[in-house]
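Order of listing sets the numbers, starting from 1, for every ligand and every atom in it.
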Amino acid sequence: MRKIIHIDMDAFFASVEQRDFPELQNKAIAVGGSRERGVVMTASYQARKYGVKSAMPSAIAYRKCPHLIFVKPRFQVYKQVSQQIREIFFRYTDLVEPLSLDEAYLDVTKNKTSFNSASRIAREIKASILQETRLTASAGISVNKFLAKVASDYRKPNGLSVIQPHQAQGFIESLEVDKFHGIGKVTAGKMHQLGIHRGADLKTFSEKKLMELFGKNGRYYHQIAHGIDERPVNPNRIRKSISTEITFEEDIGNQEILRSEIVKIARKVMDWMETHETYGRTATLKVKFNDFEQITRSRTHTAYIDRYDTLETIACELLKSIEDPRPIRLLGLGISNLNNRDPGDQKNQLTLNL
Ligand code: TTP
Ligand code: MG
């Protein structure tokens, strides 16, 4: 039986801002966007009470919470904190798999301490994080990655939860499929249409049926519905590309509208790259016309694309270079040639949900 810990900082960007600017403490704040435009990257717990949350358009957040204070992100500071917490993790094990700036899996089955209680290690990690960064984190402990992540989310903020093997089924059965790590918005929507709302509903489907419905991901959904997750904590996990795309409700021929859509997509991709400290040199535009013909256009830079305006410009230029009168039903943007050193796994592609 493995011992896996998942650590996730509480309201990460917002907590850092409240720490550094005392006038923001105990206030409803949103990092990202303004009263008029942009999206909320995260909100303080005071703002969440009003329904403000990540990825919400800022204008809607402001309507929900009229005293909301908008703060600009300071990625450099978040990266420094991320580095500090990673150093803490490495005091306990080398098997650390960061998922983003503020969360990571740790395999402490064998670890660098003399005690074998994962809960004790998690308590110490939380205490060190608080002492060294003045920020709180939540921890989840269980026998695999999926359950550890469910556990860390269970009692936020500043929580510590253990899911013992005999408790796993209960947790999963009552969990909404939207909250399952690895089930995105689109898949969750499809599941809802099939009457699958919670883990208990998912469990009633056979592996064969789930694979018919969801392709090879069906196997993973079947396994996690039963609390099985054999994925190792992989400290060298490397992504080869990231991409996102949008299918329009109606085909679009208007260049101005297409331009504003590709800019939105480019911002989303850049947000991801900033939060994951991952940048790429190649941008690929994907276009599907109303007759379903699909084309791609790529451009590779000598330097990493690490600025919003650079990526927006490249995306717009690629779009302009197409010069095809057909209306467009889908636009996508991918980034590859990432600044990952490991030559390993070629399959690690990530698709962002817009
Ligand atoms: P999360 O861990 O998902 O959120 P959080 O730390 O803000 O809050 P919680 O207490 O629920 O864990 O994401 C970590 C940071 O990543 C978050 O502070 C801001 C950034 N982020 C975005 O920029 N866009 C997003 O859509 C999300 C979900 C997060
Ligand atoms: Mg977090």
Student: Does ligand 1 have an atom that lies less than 4.0 angstrom from a heavy atom of Ala11?
Tutor: yes

Student: Report the atom name of the nearest N/O/S atom of Asp102 relative to the Mg ion (ligand 2).
Tutor: OD2

Student: Under 6.0 Å between ring centres, would you say that holds for His6 and Phe146?
Tutor: no

Student: Between Arg48 and ligand 1, which residue portion shows a heavy-atom distance shorter than 4.0 Å: side chain, backbone, both, or neither?
Tutor: side chain

Student: Examine the proximity of ligand 1 to Met9 and report which part, side chain or backbone, both or neither, has a heavy atom under 4.0 Å away.
Tutor: backbone

Student: Do you know which of Ile295, Ile328, Leu258 makes side-chain contact (heavy atoms from CB on, under 4.5 Å) with Ile322?
Tutor: Ile295

Student: Identify, for atom 13 (O) of ligand 1, the protein heavy atom at the shortest distance, and state residue, atom and that distance.
Tutor: Asp102 OD1, 4.0 Å

Student: May I ask you to check if Arg329 and Phe248 form a cation-pi contact, with NZ or CZ under 6.0 angstrom from the six-membered ring centre and within 45° of the axis?
Tutor: no

Student: Identify which of Lys53, Met41, Lys268 has a heavy atom lying nearest to atom 24 (N) of ligand 1.
Tutor: Met41

Student: Check this for me - ligand 1, Phe13, N or O atoms closer than 3.5 angstrom, yes or no?
Tutor: yes

Student: Do the rings of Phe75 and Tyr78 sit parallel, tilted or perpendicular, given the 30° and 60° boundaries?
Tutor: perpendicular

Student: Look at atom NZ of Lys49 and say whether more than 12 heavy atoms of other residues, nucleotides or ligands are closer to it than 6.0 Å.
Tutor: no

Student: List the closest protein heavy-atom neighbour of atom 17 (C) of ligand 1: residue, atom name, distance to the nearest 0.1 Å.
Tutor: Thr42 CB, 3.7 Å

Student: Charged N to carboxylate O under 4.0 angstrom, Glu245 versus Lys286?
Tutor: yes

Student: Would you check if the side chain of Thr133 reaches a backbone N or O of Leu130 as a donor-acceptor pair within less than 3.5 Å?
Tutor: no

Student: Would Thr275 count as being in polar contact with ligand 1, using the rule that some N or O on each side must be under 3.5 angstrom apart?
Tutor: no

Student: Please work out which of the three classes, parallel, tilted or perpendicular, describes the rings of His197 and His192, given edges at 30° and 60°.
Tutor: parallel

Student: Does this structure show an ion pair linking Arg307 with Glu312, if we count only N-O contacts that are shorter than 4.0 Å?
Tutor: no

Student: Can you confirm whether something in the protein, heavy atoms only, sits under 4.0 Å from atom 6 (O) of ligand 1?
Tutor: yes

Student: Numbering the atoms of ligand 1 from 1, which are under 4.0 Å from a heavy atom of Phe12?
Tutor: 5 (P), 6 (O), 7 (O), 18 (O)

Student: Against the six-membered ring of Phe89, is Arg86 placed for a cation-pi contact (under 6.0 Å from the centre, within 45° of the normal)?
Tutor: no

Student: Below 4.0 angstrom from a heavy atom of Tyr45, which ligand 1 atoms are there? Numbered from 1 as shown, please.
Tutor: 9 (P), 10 (O), 11 (O)

Student: Pull out every atom of ligand 1 sitting under 4.0 Å from any heavy atom of Asp8, numbered as shown with elements.
Tutor: 2 (O), 12 (O)

Student: Hey, which N, O or S atom on Asp8 ends up closest to the Mg ion (ligand 2)?
Tutor: OD1

Student: Indicate if the distance from the Mg ion (ligand 2) to the nearest N, O or S atom of Ser138 falls below 2.8 Å.
Tutor: no

Student: In terms of relative ring orientation, are Tyr154 and Phe171 parallel, tilted or perpendicular, with 30° and 60° separating the classes?
Tutor: perpendicular

Student: With heavy atoms only and a cut-off of under 4.0 Å, state how Trp272 meets ligand 1: side chain, backbone, both or neither.
Tutor: neither

Student: Any idea which atoms of ligand 1 are less than 4.0 Å away from a heavy-atom of Asp10?
Tutor: 10 (O)

Student: Report yes or no: does Asp271 have a heavy atom closer than 4.0 Å to ligand 1?
Tutor: no

